[in-house]
Undergrad: 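Could you have a look at this structure, given as structure tokens, before my questions?
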Amino acid sequence: PEHVGQVARAMRASDRREIFAGRFDDDTEALIAEILASLPQAAFWRVATTDDGTPVAFVAAFWRTPVSLDVWAFATEGFAGVALPLTRWIRRTVVPHFLGRGVTRAECRASIENDAAIRWLGVLGARSECVVRGLGRDGETFIQMAWKQARPGEVESGSPSRRARWQSRA
């Protein structure tokens with residue numbers, strides 16, 4: 001759990017803007033305390049580290065209902081060093097595990113400005129559902145993305161969304 005704090009304190013600027021847009025303040029230590037307090041109730045969580053043991057990414061899912069999850073992730077500038085193995089682990093292990101346990105939906109919101117997050121969520125199989133204007137405390141716009149079970153054992157998935165595509169609908 002101590003690695004969660006290391007990742008949060010060194011979080012990429014784009015992730016920091018996205019996360020703190022949905023909070024009442026910009027207090028990293030309060031965010032860390034809240035995450036650590038919630039980990040025992042998480043459906044899963046993981047801190048990804050580089051080969052030398054440096055923590056660079058935090059991913060987690062928390063139960064929203066008995067069949068749906070809220071998904072979280074943030075990373076440091078070192079994310080590229082773990083992106084491929086973390087992506088493979090999520091696609092090959094995490095998604096099938098929860099589909100096998102009856103989860104019908106997992107969702108998250110990404111800032112419309114966070115192109116890297118939107119692309120990665122698309123690679124992970126999330127589909128863009130809608131634009132949520134004014135969700136951030138300063139009026140920031142987010143994109144709702146989700147994985148939905150189409151039929152038992154299968155997940156609806158799509159290609160990465162493009163910010164320009166969403167802006168053209170704005």
Undergrad: Before accepting this row, confirm whether a basic side-chain N of the pair D70/R109 lies closer than 4.0 Å to the acidic partner's carboxylate O.
TA: yes

Undergrad: Is there a side chain to side chain contact (heavy atoms under 4.5 Å, CB included) between V132 and T141 once you walk through the steps?
TA: CA-CA 6 Å; V132 186; T141 298; over 6 Å; no

Undergrad: Compare every heavy atom of S111 with every heavy atom of F142, then report the nearest pair and how far apart it is.
TA: CD2-N, 3.4 Å

Undergrad: Using a 3.5 Å distance criterion without hydrogens, assess whether the side chain of R88 forms a donor-acceptor pair with backbone atoms of A83.
TA: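 Checking the backbone N and O of A83 against the side chain of R88, no donor-acceptor pair under 3.5 Å is found.
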
Undergrad: How many angstroms lie between atom CD of E34 and atom CG of D27, to the nearest 0.5 angstrom?
TA: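 The CD atom of E34 sits 8.5 Å away from the CG atom of D27.
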
Undergrad: Under a 3.5 Å cutoff, is there a donor and acceptor pairing between the side chains of T28 and R16?
TA: yes

Undergrad: How far does CD1 of I118 sit from CD1 of I112, to the nearest 0.5 angstrom?
TA: 6.5 Å

Undergrad: Distance from N114 atom CG to L121 atom CG, nearest 0.5 Å?
TA: 8.5 Å

Undergrad: Search all heavy atoms of V4 against all heavy atoms of L36 and return the closest pair with its distance.
TA: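 That would be CB-CD2, 4.1 Å.
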
Undergrad: Hey, could you give me the CZ/CZ distance between R105 and R64, rounded to the nearest 0.5 Å?
TA: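 CZ of R64 is found 8.5 Å from CZ of R105.
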
Undergrad: Give the intermediate values and the outcome of salt bridge (charged side-chain N to carboxylate O under 4.0 Å, His left out) for residues D138 and R17.
TA: CA-CA 11 Å; D138 293 324; R17 281 189 302 274; over 6 Å; no

Undergrad: In this structure, would W120 and W89 fall into the same cluster of hydrophobic residues linked by side-chain contacts under 4.5 Å?
TA: yes

Undergrad: Looking at side-chain heavy atoms only, is the closest gap between V7 and V47 below 4.5 Å?
TA: yes

Undergrad: Should the pair E129-K148 be classified as a salt bridge under the 4.0 Å nitrogen-to-oxygen rule?
TA: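 Between K148 and E129 there is a salt bridge, with a charged N closer than 4.0 Å to a carboxylate O.
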
Undergrad: So M11 and I19, side chain to side chain contact (heavy atoms under 4.5 Å, CB included) or not? Walk me through it.
TA: CA-CA 10 Å; M11 191 186 313; I19 288 171; 3.8 Å; yes

Undergrad: Determine the minimum heavy-atom distance between G122 and M145, stating which atoms define it.
TA: N-CE, 4.2 Å

Undergrad: Check for a donor-acceptor pair, side chain of R91 on one end and backbone N or O of V123 on the other, with a separation under 3.5 Å.
TA: yes

Undergrad: Between E29 and R9, does any side-chain N to carboxylate O distance fall below 4.0 Å?
TA: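 Salt bridge between E29 and R9, a charged N being under 4.0 Å from a carboxylate O: yes.
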
Undergrad: Distance from R119 atom CZ to L124 atom CG, nearest 0.5 Å?
TA: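 Here the interatomic distance stands at 13.0 Å.
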
Undergrad: Which pair of non-hydrogen atoms, one from V71 and one from A106, has the smallest distance, and what is that distance?
TA: CG2-CB, 3.9 Å

Undergrad: Mark yes or no: R127 above the aromatic ring of W147, with NZ or CZ under 6.0 Å from the six-membered ring centre and no more than 45 degrees from the axis.
TA: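 Negative - R127 is either too far from the ring of W147 or too far off its axis.
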
Undergrad: Does the S38 side chain pair with the main chain of I35, one donor and one acceptor, at a distance under 3.5 Å?
TA: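 Such a contact is found between S38 side chain and I35 backbone.
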
Undergrad: Taking a hydrophobic cluster as the set of Ile, Leu, Val, Met, Phe, Trp and Tyr residues connected by side-chain heavy atoms closer than 4.5 Å, whether directly or through intermediates, do W45 and L31 fall within one such cluster?
TA: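 In one cluster with W45: L31, yes.
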
Undergrad: Hey, is CG on D51 packed in by over 12 heavy atoms from elsewhere, all under 6.0 Å?
TA: no

Undergrad: Mark yes or no: R46 above the aromatic ring of F58, with NZ or CZ under 6.0 Å from the six-membered ring centre and no more than 45 degrees from the axis.
TA: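 Here R46 fails the 6.0 Å and 45° test against F58.
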
Undergrad: Which heavy atom of F79 sits nearest to which heavy atom of R12, and what is that distance?
TA: CD2-NH1, 3.8 Å

Undergrad: Per the side chain to side chain contact (heavy atoms under 4.5 Å, CB included) rule, which among F74, F44, W72 passes with V59?
TA: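 Of the listed residues F74, F44, W72, the side chain to side chain contact (heavy atoms under 4.5 Å, CB included) partner of V59 is F44.
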
Undergrad: Check the pair V103 / V67 against side chain to side chain contact (heavy atoms under 4.5 Å, CB included), numbers first and verdict last.
TA: CA-CA 4 Å; V103 169; V67 295; 5.7 Å; no

Undergrad: Keeping the roles fixed (side chain from T54, backbone from T50), state whether a donor-acceptor pair exists under 3.5 Å.
TA: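 Not at all, since once roles are kept as given, no pair shorter than 3.5 Å links the two residues.
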
Undergrad: Taking all non-hydrogen atoms of both residues into account, name the closest pair between S68 and T65 and its distance.
TA: OG-OG1, 2.8 Å

Undergrad: Can you measure from CH2 (W63) to CG (L69) and round to the nearest 0.5 angstrom?
TA: 5.0 Å

